[in-house]
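Contents: one structure, followed by commentary.
Naming: A, B, ... by sequence-line order, numbering from 1 per chain.
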Amino acid sequence: MLRQLAVRREALFAMLGLATAWQIASLFFPSYLFPPLPAIGAAFAKIFGSWEQVGNALATALRILAGLAGAFLLGVVFAVAMAKSRKANDYLFPILHFNQGIPALSWVVISIIWFKSIEFRIWFIMVVTTVPAFAFQILDAYRSISKDLHEMALSFRPSRYDMFRTVVLPTVVPGILTAFKVNLGNASRVVVVAELVGATGGVGYQLLQMQQLFDLAGALAWTLVLVLFVLGTQQILTLLESRLLRYRAQSERGL
Amino acid sequence: MRAPIIRFENVCKRFSDKEGRELAAYAVKDLSFDVAGGELVAVVGRTGCGKSTMFNLLAGLLEPSSGLVRVYGRDPFRDFDWFRGKIAVVFQSDRLLPWRTALHNVAYGLELNHMEERERLGLARDWLRRLGLEGYEDAYPHALSGGMRQRVSIARAFAVNAQILLCDEPFSSLDELTGAKLRAEFVRLVRENRKTSIFITHSIDEALTLGERILVFQPPAFIVLEVRPEEAATEATRAAMKDAILSAMTSEVRDPAAS
């Protein structure tokens, strides 16, 4: 508890230090390069003062969540296929590995050419760029199922569903949570790129508007909205993690 | 003579490589023996003599390459589900599910047997109490000592009230004192509950303490000696029996099936 408070205090000091450095810089540079903190704060407040702007923020949040959900489901399908069949693993592994090397911007171009619907374009880009990480992390978690525990459970002759519910699922949950945490950051970066090029709303689109207006305070305010969404979601995942993994709290949290 | 419940008839087991080709070496070769209902049979042998393979064949976790394994006249591998609640296993390590409390670990087998929650938790609580773990119901495995964890795993096996109990060196990882205490508790529970038990060990003393009958294995899992500790009435005959077991375990015996 004391350690957590100390960490939070240090994080607060670090952020205050960054803000102070920015504010000092704003005194020596033109405001279009380093807008003062009050200007950024005003732009931030303006976003939450208009339903239309809040709608833009929500659109991006929903796109991230929908993309993650799609990538997770597809990742589960790939991971299960790769775990169950060596042939599937031999075919899918190189494809997913190759996909990891394709830049998100290339997928943006491809999806604009391939698909007409803007929302589907963005969803497709999100899914295709985050699915390899989901598949590999879930596969790793699945392969880490203890042979000893599996045999122990088998000795009680469980049904396939009971084996999944009592052994497989609790083993893969930590890996799934990690996959979500890692992919959330990736997804937030990709969605901005996708919206910058191919959307008419959302944080990425707003960033493009701010760039065209040369409004750095506005751009920073929209960036802050996205960062806060990511941090908030990470916090929810952390809470979920401490609830679901409470059985190992005492032994591992102190590491 | 009690009727046999477990029967091994010329059982052979060869493992396969990754490509599915059977390896030349036998893990178990032409193994035959019977175990009567309510009997406690100890199996001793050196590491790698095929005790654990025999154990897994009996538990239905492995299929024999040839020969017959029968428990209650059925094949434990092919009729796998039929044996739900009829065979319980205590492993060498506790194998507790780390995400379950001691209580829910004990209740695990009962849950898989679809027993109603209140009833199974009551039964699990009772077994924890009988094994001296009252007050530890809500403890997760990492918070328990090795001896306590092994007691939870014994409680888990006894709780399902299976008539056949298979034990694979369950006390070998414990210190002498804890092992002796648990051994005594184990024998009491087996006798009280009239279980048919096969107890694998590499300790001759443990086999002599526990077994009504002792089977001495040599690789690849064939029986080189069979003794009944009850026949050793005096210290001297018991010592002679121990020497005979040791000599059977360590001597170079030619595989009878090879001739």
Point to revise | B:Leu97 side chain reached by A:Met152 side chain, heavy atoms, under 4.5 Å | key: yes

Review point. Just checking, A:Arg157 and B:Phe80: is the charged tip under 6.0 Å from the six-membered ring centre and within 45° of the axis?
Key: yes

Locate the shortest heavy-atom distance separating [X] from [Y]; write the atom from each residue and the value.
X: B:Tyr108; Y: A:Ala153; answer: OH-CB, 3.3 Å
X: B:Arg100; Y: A:Thr166; answer: NH2-CG2, 3.6 Å
X: B:Tyr140; Y: A:Arg246; answer: OH-NE, 3.6 Å

Review point. Passes side chain to side chain contact (heavy atoms under 4.5 Å, CB included), A:Arg165 versus B:Glu111? Steps please.
Key: CA-CA 12 Å; A:Arg165 182 178 62 82; B:Glu111 182 184 325; 2.9 Å; yes

Kindly compute the distance separating [atom1] ([X]) from [atom2] ([Y]), expressed to the nearest 0.5 Å.
X: A:Asp148; Y: B:Arg95; atom1: CG; atom2: CZ; answer: 3.5 Å
X: B:Ile87; Y: A:Phe156; atom1: CD1; atom2: CZ; answer: 11.5 Å
X: A:Ser155; Y: B:Asp168; atom1: OG; atom2: CG; answer: 11.5 Å

Contact class of [X] relative to chain A, heavy atoms under 4.5 angstrom:
X: B:His104; answer: neither
X: B:Leu96; answer: backbone
X: B:Thr101; answer: neither

Practice item. Under 4.5 Å heavy-atom distance to chain B, tell me which part of A:Val167 shows up: side chain, backbone, both or neither. Key: both

Review point. Among B:Asp81, B:Leu61, B:Leu166, which residue forms the greatest number of heavy-atom pairs with chain A at distances under 4.5 Å?
Key: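 The candidate making the most pairs under 4.5 Å is B:Leu61.
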
**Study point:** Under 3.5 Å: donor-acceptor pair, side chain of B:Trp99, backbone of A:Thr171
**Key:**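 No, because the side chain of B:Trp99 does not come within donor-acceptor range (under 3.5 Å) of the backbone of A:Thr171.
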
